[in-house]
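Report on the following structure.
Note on naming: letters A, B, ... go to the chains in the order of the sequence lines (proteins, then strands), and numbering restarts at 1 for each one. Just the heavy atoms: all of them, side chains too, but no hydrogens, waters or symmetry mates, feed the values below.
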Protein chains: 2
Amino acid sequence: MRLSTKGRYAVTAMLDLAINGKNGPVTLAEISENQGISLSYLEQLFAALRGKDLVRGVRGPGGGYYLGKSADEISIANIICAVDEWVEFTRCGGRQNCSGGARCLTHTLWDDLSTEIFNFLANITLGDLVKRNLGKKSGEENPLSIVANSRSEAA
Amino acid sequence: MRLSTKGRYAVTAMLDLAINGKNGPVTLAEISENQGISLSYLEQLFAALRGKDLVRGVRGPGGGYYLGKSADEISIANIICAVDEWVEFTRCGGRQNCSGGARCLTHTLWDDLSTEIFNFLANITLGDLVKRNLGKKSGEENPLSIVANSRSEAA
DNA sequence: CTGAATACCGAGTGATTTAGTAGGTAATTA
DNA sequence: TAATTACCTACTAAATCACTCGGTATTCAG
């Protein structure tokens with residue numbers, strides 16, 4: 001799992017799409033304008049997102065992008081994995097010559113943690129984020145309850 | 001928040017230190033050997049960790065590194081933030097000229113999500129990882145319960 | 001049919017990051 | 001005194017980031 005600025009751009013763009021794509025497709029030019037991301041970079045990101053069926057493009061005037069599925073079916077992990085290759089970290093993958101077992105232990109620990117982080121992000125959907133925040137008053141105190149529910153529901 | 005391979009190296013090294021540093025300091029040479037990370041790269045990482053008081057170095061023969069505080073007081077977020085600069089993502093920080101409010105909304109959403117991810121990692125300590133897994137039988141099924149408890153306790 | 005709008009595609013690029021090498025100095029112990 | 005270790009700075013090849021440029025394909029409006 002890798003969470004870089006590239007993943008952020010993708011998540012932000014997808015959020016923009018989820019919010020503004022309710023009625024009709026959204027052009028990359030609009031997202032570029034709204035989010036301050038260069039058009040060509042967006043094209044690269046959306047090529048990856050399209051490959052995972054997270055978005056669907058429509059050409060020609062009046063065209064743009066739709067979400068590939070319901071916002072409730074798209075998790076943050078889906079988005080990040082689409083644009084940020086999943087890197088396998090453990091070196092002793094499979095046939096390991098681990099010195100004394102200590103190496104394998106830490107690798108197991110990291111692996112468990114890594115899985116846990118992934119599951120965490122996999123349980124947050126675009127729909128969660130959009131719904132909770134649109135229904136929130138602007139001065140409200142506790143934005144972090146966004147995820148708490150979807151977590152306990154899905155876990 | 002940024003979760004790159006650099007952060008993984010740091011977390012893995014800290015796990016090694018937490019496990020092997022129970023009686024006496026651990027040298028970077030040992031960690032390098034155990035985890036397959038180059039010595040000089042470890043030095044760079046530990047310089048950052050030392051700057052945040054997450055580790056404490058002892059020079060001379062028989063020297064090495066100790067954890068800077070109890071493993072229960074060191075969160076994964078602490079480690080990652082020490083080596084992987086916290087990057088501020090929102091472009092319209094403070095004085096924003098957001099077009100139509102849509103931009104600010106997505107930025108707020110991302111910001112909330114980002115904070116949530118951070119809190120998640122801030123609630124997992126080195127001690128959690130080590131304790132739960134050392135007490136685990138090797139063939140056990142559910143490694144992901146590691147975090148569930150520490151989360152509900154700390155939240 | 002023509003032209004514009006839009007997605008789609010690939011090559012290239014400077015800046016940054018990654019992960020590492022090299023070559024030291026400072027402190028401590030045997 | 002010599003070995004061991006942390007500590008420090010500079011450098012580097014490779015990868016990644018975020019972006020530019022110059023296209024092609026498809027579709028709609030006139």
Minimum-distance nucleotide to [X] side chain [options: [options]]:
X: B:Y65; options: D:dA6, D:dA18, D:dC7; result: D:dC7
X: A:Q44; options: C:dC8, D:dA18, C:dT18; result: D:dA18
X: A:S40; options: C:dC8, D:dA6, D:dC21; result: D:dC21

Examine the side chains of A:T106 and B:Q35 and answer whether a donor and an acceptor come within less than 3.5 Å of each other. yes

Between the side chains of A:D112 and A:T115, is a donor N or O closer than 3.5 angstrom to an acceptor N or O? no

Using only atom types and a distance under 3.5 Å, with no angle test, would you say the side chain of [X] pairs donor to acceptor with the backbone of [Y]?
X: A:N78; Y: A:I74; result: no
X: B:D111; Y: B:T108; result: no
X: B:N34; Y: B:I31; result: no
X: A:S32; Y: A:L28; result: no

Which of residues 48-62 of chain B have a heavy atom under 4.0 Å from DNA chain C? B:R59, B:G60, B:P61

By the 4.0 Å heavy-atom rule, please label B:L28 as base, sugar-phosphate, or nothing. sugar-phosphate

Phosphate contact (C:dA19 OP1 or OP2) by B:T5 side-chain N/O below 4.0 Å: yes

Quick one: is D:dA6 close enough that its OP1 or OP2 comes under 4.0 Å of any side-chain N or O from B:T27? no

Measure [atom1]/[X] against [atom2]/[N] and give the value in whole Å, please.
X: A:R2; N: C:dA19; atom1: CZ; atom2: C1'; answer: 12 Å
X: A:L42; N: D:dC19; atom1: CG; atom2: P; answer: 9 Å
X: A:Y41; N: C:dC9; atom1: OH; atom2: C1'; answer: 17 Å
X: A:E43; N: D:dC19; atom1: CD; atom2: P; answer: 13 Å
X: A:D84; N: D:dA18; atom1: CG; atom2: C1'; answer: 13 Å
X: B:K6; N: D:dT16; atom1: NZ; atom2: C1'; answer: 14 Å
X: B:L17; N: D:dA6; atom1: CG; atom2: P; answer: 11 Å
X: B:E30; N: D:dT5; atom1: CD; atom2: P; answer: 8 Å

Looking only at non-hydrogen atoms, find the nearest pair between A:K69 and A:D53 and report the distance. CE-O, 3.9 Å

